[in-house]
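Below: the structure, in structure tokens.
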Amino acid sequence: MSQEPKPNFLTRLQTKWKLNSLLQVVLILIVFALTGFTILFIKKPIFDFLGVSMERGGFWKTVLYLLLVLPLYQIILLMWGFVFGQFSFFWEKEKQFIRRIFGRK
């Protein structure tokens, strides 16, 4: 009795995201990584400009993060997606995200 080998991680992502190639999967993962690094580097200057200490946590820091950094993340994700030719993939994900937030189908 032979079992088929389980598809690798990239192949499973390709199927889940309905992508055409493994190259597209790799490009999308690169976009996610670059977006994360970009946010990492611009978060501190934004908080410094607003006078928010990065050393201490707190309610207002969390609120500012949610109101400023998360929407900025979405915009930067689209920008990097455009640079790597994957804008349509990320635009569809953005529309799904917005529908979930506002409860529309």
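Note that this is a predicted model, so its numbers are computed, not measured.
Judged as a side chain to side chain donor-acceptor pair (under 3.5 Å), and not counting sequence neighbours, N20 has no contacts. Partners of E92 under the salt bridge (charged side-chain N to carboxylate O under 4.0 Å, His left out) rule, at least two apart in sequence or in another chain, are K95. The side-chain contact (heavy atoms from CB on, under 4.5 Å) test applied to F87 returns L78, F82, W91, not counting sequence neighbours.
Screening residues 7-21 for salt bridge (Lys or Arg N to Asp or Glu O under 4.0 Å), with sequence neighbours left out, gives no hits. Sorted by first and then second residue, the pairs that involve residues 65-87 and meet side-chain hydrogen bond (donor to acceptor under 3.5 Å, both in side chains), not counting sequence neighbours, are Q24-Q86, T38-W80. Applying the ring pair (Phe, Tyr, Trp, His ring centres under 6.0 Å) definition to pairs two or more places apart or across chains, those involving residues 5-26 are W17-F89.
Rounding to the nearest 0.5 Å places CD1 of I39 at 6.5 Å from CD1 of I46. Atom CG of L72 sits about 10.0 Å away from atom OG1 of T35, to the nearest 0.5 Å. One distance of note links CG of L77 with CG of L34; it measures 10.5 Å at 0.5 Å rounding. Rounded to the nearest 0.5 Å, atoms CG (N8) and CG (L22) are 7.0 Å apart. Atom CG of L13 and atom CG of L29 lie 6.0 Å apart (nearest 0.5 Å).
Taking the side chain as every heavy atom from C-beta outward, L10 and Q14 never approach each other to under 4.5 Å.
The hydrophobic cluster containing M79 does not contain L70, counting ILVMFWY residues as joined when their side-chain heavy atoms lie under 4.5 angstrom apart, directly or transitively. Put simply, V83 and I42 are part of the same group of oily side chains (I, L, V, M, F, W, Y) that touch within less than 4.5 Å, one to the next. Hydrophobic clustering (side-chain heavy atoms under 4.5 Å, transitive across Ile, Leu, Val, Met, Phe, Trp, Tyr) keeps F37 apart from I30.
The one candidate from T62, V69, L64, L68 that meets the side-chain contact (heavy atoms from CB on, under 4.5 Å) condition with L66 is T62.
Separation of the F97 and F90 ring centroids does not fall under the 6.0 Å cut-off.
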